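Following: one structure in structure tokens, then a few remarks.
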Amino acid sequence: MNIFRLAGDMTHLISVLVLLLKIYATKSCSGISLKTQELYAIVFVTRYLDLFTDFISLYNTVMKLVFIGSSLAIVWCMRYHRVVRRSYDRELDTFRYWILLGVSFILALVLHEKFTLQEVFWAFSIYLEAVAILPQLVLLQRSGNVDNLAGQYVFFLGAYRAFYILNWIYRYLTEQRFTRWISCVSGLVQTALYADFFYYYFISWKNNAKLQLPA
Amino acid sequence: PKPAPSKDEL
């Protein structure tokens with residue numbers, strides 16, 4: 001565990017927990033894409049199948065359970081909570097996410113380390129995570145502005161990806177270990193998707209103005 | 001270098 005990895009995990013954790021707590025406290029999920037949240041729930045469930053087969057560390061196990069639990073709780077809130085579900089921007093959240101699921105699954109069937117159930121699902125979760133933010137970015141784009149919650153959420157997720165890349169570089173230099181290319185290429189794609197958003201986030205922060213994305 | 005055990009990352 002190095003400082004970049006820890007910072008990455010913490011910003012990831014903050015992004016998910018802040019989202020869940022704010023949805024619950026304000027009873028509103030306006031500006032948040034249910035499709036992205038469902039994709040993340042699928043990502044965590046399919047990636048952490050090794051909870052049943054391998055023990056890495058207590059930290060690892062607890063974090064996995066927190067990620068699975070909190071992502072399912074967010075989906076539950078947005079879908080079924082009597083009050084919260086009314087604020088869901090259903091008509092703006094129309095990204096055809098089955099395309100992302102299909103492409104990721106086919107890619108995982110073709111590109112994986114070993115042809116076992118666990119390895120194929122692991123690769124699938126890596127590919128899916130890389131593109132899972134797209135429905136959220138499209139929703140932000142369509143609504144034309146971002147409230148604090150959605151903006152902070154995407155900001156922390158982007159920070160998490162940036163720290164993970166630093167973590168890989170650090171591990172390469174200090175542990176003489178290279179990150180598996182499946183994670184590496186997917187991670188770079190994922191981080192690139194945030195770059196555009198970060199640009200506008202930075203501009204709005206600099207001007208102390210509400211975040212406005214171009215139509 | 002050896003491959004990093006990617007499964008130890010989240």
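Just so it is clear, the structure is predicted and the values come from calculations on it, not from any experiment. So that the names make sense, note that chain A is the first sequence line, chain B the second, and so on, each numbered from 1.
Residue A:Phe115 places its CZ atom among 12 or fewer non-hydrogen atoms of other residues, nucleotides or ligands, all under 6.0 Å distant. In this structure, A:Phe105 places its CZ atom where only 12 or fewer heavy-atom neighbours from other residues, nucleotides or ligands lie under 6.0 Å away. No more than 12 heavy atoms of other residues, nucleotides or ligands sit less than 6.0 Å from atom CD1 of A:Ile3.
Counted by atom type alone, A:Asn60 and B:Glu9 present zero donor-acceptor pairs between their side chains at under 3.5 Å.
Of all the heavy atoms in B:Leu10 and A:Tyr59, the pair that sits closest is CD1-CE2, 4.3 Å. Nearest heavy-atom pair, B:Asp8 versus A:Arg171, reported as atom, atom and distance to 0.1 Å: OD2-NH2, 3.0 Å.
In this structure, chain B has a heavy atom under 4.5 Å from the side chain of A:Trp168, while its backbone stays farther away. Interface residue A:Tyr48: only side-chain heavy atoms are found under 4.5 Å from chain B. For A:Glu119, the part sitting under 4.5 Å from any heavy atom of chain B is the side chain, from C-beta outward, and nothing else. Proximity to chain B (any heavy atom under 4.5 Å) is restricted, for A:Asn167, to the side chain, taken from C-beta onward.
When A:Arg5, A:Lys64, A:His12 are compared by the number of non-hydrogen pairs under 4.5 Å with chain B, A:Arg5 comes out ahead.
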